[in-house]
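What follows is a set of notes on a single structure, which appears directly below.
Every chain is numbered from 1, with letters handed out A, B, ... down the list of sequences.
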Number of protein chains: 2
Amino acid sequence: MQKNPAQCQFVVALDSIVGKWKPMILYHLFQGEPLRFNELKRLLPDITQRMLTLHLRELEGEGIVKRVVYPQVPPKVEYSITEYGMSLSPILETLHQWGKAHIERKQLKNAENEDTKSD
Amino acid sequence: MQKNPAQCQFVVALDSIVGKWKPMILYHLFQGEPLRFNELKRLLPDITQRMLTLHLRELEGEGIVKRVVYPQVPPKVEYSITEYGMSLSPILETLHQWGKAHIERKQLKNAENEDTKSD
DNA sequence: CAGTATCCGGCTTGATACTG
DNA sequence: CAGTATCAAGCCGGATACTG
């Protein structure tokens with residue numbers, strides 16, 4: 001894509017965590033407990049099986065998520081954050097902090113607008 | 001979108017910086033100097049005017065970028081990071097660090113694969 | 001110079017059905 | 001249970017032309 005040597009490395013990082021459901025998947029897996037496919041599906045009520053599979057495969061491909069298959073019937077598959085994936089936690093943490101502040105800021109702005117509107 | 005109370009706040013943060021060119025735009029503006037529309041365009045050789053406008057408008061809407069119009073002919077418009085926008089710097093910094101490490105890791109993996117392939 | 005306006009293609013996501 | 005396969009829709013971004 002872009003060749004710019006140093007500057008586009010956060011694009012790389014973003015690619016690993018961007019996707020409609022990836023942040024949510026990561027959030028739940030970061031709770032620590034390994035989760036089964038259907039447990040994740042239940043936690044993400046609006047996701048389709050297809051998207052859950054796709055995103056999990058991508059995260060697995062990046063080495064962020066570990067997939068463990070228990071050979072039994074009915075099948076059991078558990079997903080968890082890899083040790084490497086844990087290295088994302090500073091990113092998720094700063095994103096979370098900033099997102100929180102950003103929402104509060106927006107609500108403030110809206111409140112101000114309500115004020116001036118009433119004149 | 002999702003109602004999940006606390007957990008989706010990094011989605012909010014991501015929304016503010018995700019977009020094909022937003023990270024690059026931010027990168028250049030974070031250098032400190034205000035940049036004119038065409039200067040940004042020159043720094044982002046493959047961006048279209050349309051996308052540059054759209055992304056700048058979005059960043060402006062979020063309060064991250066400031067747009068200053070100098071009323072003169074030919075028009076002059078300067079873009080710069082707002083003080084609020086500066087609060088993104090921890091995010092960009094961690095993303096950058098992680099992206100760098102992630103690339104190196106991938107190259108390592110590739111090298112390993114080359115080794116085993118030669119058997 | 002700094003944009004808009006239109007039109008269009010592709011990739012991401014969604015819906016639904018099927019399976020070991 | 002944990003997926004795959006197929007098809008279709010929607011949104012993001014690209015190309016191009018036009019303008020105060």
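Between Arg50(A) atom CZ and dA15(C) atom C1' there is a gap of 10 Å when expressed in whole angstrom units. One atom, CD1 of Ile47(A), and another, P of dT16(C), lie 16 Å apart when rounded to the nearest Å.
Not counting sequence neighbours, the partners of Ser89(A) by the side-chain contact (heavy atoms from CB on, under 4.5 Å) test are Phe30(A). Applying the side chain to side chain donor-acceptor pair (under 3.5 Å) rule to Ser87(A) yields the partners Trp98(B); only residues at least two apart in sequence or on another chain are considered. Residues satisfying the salt bridge (Lys or Arg N to Asp or Glu O under 4.0 Å) criterion with Glu60(B), sequence neighbours excluded, are absent altogether. Take Gln97(B) and apply the side chain to side chain donor-acceptor pair (under 3.5 Å) test, not counting sequence neighbours, and it matches Glu93(B). Considering only residues two or more places apart in sequence or on other chains, Gln49(B) meets the side chain to side chain donor-acceptor pair (under 3.5 Å) condition with none of them.
Across all strands shown, Tyr79(A) has heavy atoms under 4.0 Å from sugar-phosphate atoms exclusively, and none from any base. Within 4.0 Å of Lys41(B), counting heavy atoms only, lies no atom of the nucleic acid at all.
Identified under the side chain to side chain donor-acceptor pair (under 3.5 Å) test for residues 33-42 of chain B, with sequence neighbours left out: none.
Near DNA chain D, meaning a heavy atom under 4.0 Å from it, residues 51-67 of chain A has Thr53(A), Arg57(A), Arg67(A) in order of number.
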Dot-bracket summary - DNA chain C, pairs being Watson-Crick or G-U whose distances fall under 3.5 Å, with | when paired to another strand
||||||||||||||||||||
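Along DNA chain D, the stretch of nucleotides lying under 4.0 Å from any heavy atom of chain A spans, 5' to 3', dC1(D) to dT6(D).
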Between side-chain atoms of residues 61-70 of chain A and protein atoms elsewhere (two or more places apart, or another chain), which donor-acceptor pairs fall under 3.5 Å?
| residue | atom | partner | partner atom | Å |
| --- | --- | --- | --- | --- |
| Glu62(A) | OE1 | His102(B) | NE2 | 3.0 |
| Glu62(A) | OE1 | Lys106(B) | NZ | 3.4 |
| Glu62(A) | OE2 | Ser16(A) | OG | 3.3 |
| Arg67(A) | NE | Tyr79(A) | OH | 3.2 |
| Tyr70(A) | OH | Glu78(A) | OE1 | 3.1 |

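Scanning both residues, Met24(B) and Val11(A), for their nearest heavy atoms gives CE-CG2, 4.0 Å.
Contact annotation: the side chain of Leu26(B) approaches that of Ile81(B) to within less than 4.5 Å [non-hydrogen atoms, C-beta and beyond].
When hydrophobic side chains of Ile, Leu, Val, Met, Phe, Trp and Tyr are connected at separations under 4.5 Å, Val73(A) ends up as a singleton with no cluster partners.
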